[in-house]
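One structure is given below, encoded as structure tokens.
What's counted below: heavy atoms across the whole structure, side chains too, no hydrogens, waters or symmetry copies.
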Amino acid sequence: MTRVAVVGGGAWGTVLADLLTRKGEAVTLWAREPEVVEAVNRDHRNPFFLPDAPLAPAVRATGDLAAAVRDAEVVVSAAPSHAVREVMTEAARAVTGKPLIVSVSKGLEPDPATPLAVLSGPSFAQEVYQRQPTAVVVAAADEAVARRVQQVFSCAHFRVYTHTDVAGVELGGALKNVIALAAGILEGLGLGHNPRAALITRGLAEITRLGVALGADPLTFAGLAGMGDLILTATGALSRNRGLGVELGQGKTLEQAQAGKQTVAEGVPTARAAVALADRHDVELPITREVAAILFEGKAPRDAIAALMERDLKAEQWR
């Protein structure tokens, strides 16, 4: 039995806490919201982020971050990307020993810190909870660390592959959210399969360009954390980023589309962070830049499409 602290009581963190508990691990789930802590401990449910999903009774929740991580052998960082730095800095003050840190947050800050291991791939939380067959990848610079995470998380319906390309797996899991926003915008505009196929393909090309500039292996982006997660998030009905994009394509502003939502569409802050990274490393991200212009500058989606289609003609493979 491994002592695991899952830091973040959103849908993904809650599902992983449930999965690991049912595997037989001793799991503590930290949530910022007192209502989530109370409901998990009393009713074995997370009514805010995973309603109508009974959790394993042994999942224990707490609002005390220091208590959650103090004796953990594995700490799973599942907070939204914009909160990871603050939350994990606080957690680091309380850990004892040298726990294994596993990031499952799919987002970027302008200056991201590399955790010890990154778990990513095509994995809607609801379908993992339903025990639908799912394949993901965990990357760590030390292959032995990746294999340890693989053993902790793998079960009959959740298959974990290993990798050593931390940067590639982290970037693929984050940047696909921006392309998923774009795919939703196309859908909201009423456009069809040709535009979506072109967007996904060219989106993967620019994710790969930025990844290679940051030292990633280009083959990583043909795998689960790249193509796999991109296809899922750009086309799946459960995708928050695609859903937000649909509303933008239908004419809502970002503020209108986000109003009243408790869940986070990671593609929004990631779009801004990706543009900053691209500027720093002199990488062209035309789709990402147009998404950022729609999100933060009020650019009309059809104008963004025109800007992309009328760019200078190029070879398909270029840098």
Side-chain angles (χ1 to χ4, degrees), residues 1-51 53-107 109 112-120 123 125 128-129 136 138 140 145 148-155 158 160 170 173 262-264 266:
M1 180 181 291
T2 304
R3 297 187 302 276
V4 182
V6 178
V7 178
W12 191 217
T14 302
V15 163
L16 290 177
D18 180 72
L19 180 151
L20 291 167
T21 300
R22 293 181 190 277
K23 275 197 66 190
E25 316 300 354
V27 179
T28 300
L29 174 67
W30 175 81
R32 188 184 299 276
E33 302 83 3
E35 300 88 348
V36 170
V37 173
E38 181 180 359
V40 170
N41 290 332
R42 183 189 63 211
D43 304 322
H44 311 302
R45 294 176 185 269
N46 184 335
F48 281 12
F49 303 109
L50 201 70
L55 304 176
V59 175
R60 183 173 65 87
T62 181
D64 185 338
L65 181 56
V69 304
R70 185 170 294 121
D71 296 317
E73 298 167 272
V74 177
V75 176
V76 180
S77 173
S81 60
H82 67 273
V84 165
R85 185 185 296 268
E86 174 191 353
V87 171
M88 293 306 292
T89 298
E90 181 180 348
R93 300 189 187 105
V95 297
T96 55
K98 295 183 178 180
L100 177 61
I101 310 298
V102 183
S103 172
V104 300
S105 302
K106 296 180 179 180
E109 290 183 319
T114 303
L116 292 181
V118 178
L119 188 145
S120 192
S123 49
V128 173
Y129 174 80
V136 297
V138 61
V145 171
R148 184 182 171 201
V149 177
Q150 181 183 50
Q151 291 298 319
V152 170
F153 281 85
S154 293
C155 63
F158 196 73
V160 182
E170 188 170 36
Q262 295 187 20
T263 55
V264 175
E266 295 280 13

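Remark: the backbone N or O of P54 is paired with a side-chain donor or acceptor of Y129 at under 3.5 angstrom. Of the possible polar contacts, one joining the T96 side chain to the R70 backbone as a donor-acceptor pair under 3.5 Å is found. N41 places a side-chain N or O within donor-acceptor distance of the main-chain N or O of A61, the cut-off being under 3.5 Å.
The distance from the CD atom of E90 to the CH2 atom of W30 is 7.0 Å, given to the nearest 0.5 Å. K106 NZ to S123 OG: the interatomic distance, rounded to the nearest 0.5 Å, is 3.5 Å.
Contact annotation: the side chain of E170 never approaches that of S120 to less than 4.5 Å [non-hydrogen atoms, C-beta and beyond]. Side-chain atoms of L55 and L50, non-hydrogen and from C-beta on, do get closer than 4.5 Å to each other. Taking 4.5 Å as the limit, every side-chain heavy atom of E73 sits out of range of all side-chain heavy atoms of E25. Between D18 and T14 there is no side-chain heavy-atom pair separated by less than 4.5 Å. Side chains of F49 and E33 form a contact here, defined as non-hydrogen atoms less than 4.5 Å apart. At a threshold of 4.5 Å between non-hydrogen side-chain atoms, the residues L119 and F153 count as touching. L19 is listed as a side-chain neighbour of C155, based on a closest heavy-atom distance under 4.5 Å.
Closest approach of G63 to V37, counting heavy atoms only: N-CG2, 3.7 Å. Taking each heavy atom of N46 and G10 in turn, the nearest pair found is ND2-O, 4.2 Å. Closest of all the heavy-atom pairs between L29 and G9 is CD1-CA, 4.1 Å. In terms of heavy-atom proximity, G13 sits nearest to A78 at CA-CB, 3.8 Å. Residue P80 comes nearest to E266 through the heavy atom pair CA-OE2, 3.4 Å, listed as atom of the first residue, atom of the second, then distance. Looking at every heavy atom in both residues, R32 comes nearest to V87 through NH2-CG2, 3.3 Å.
The residue from V76, V75, T21 that alone fulfils the side chain to side chain contact (heavy atoms under 4.5 Å, CB included) condition with V4 is V76. Partner V74 forms a side chain to side chain contact (heavy atoms under 4.5 Å, CB included) with one of V102, V69, I101, V149 and no other, that one being V102.
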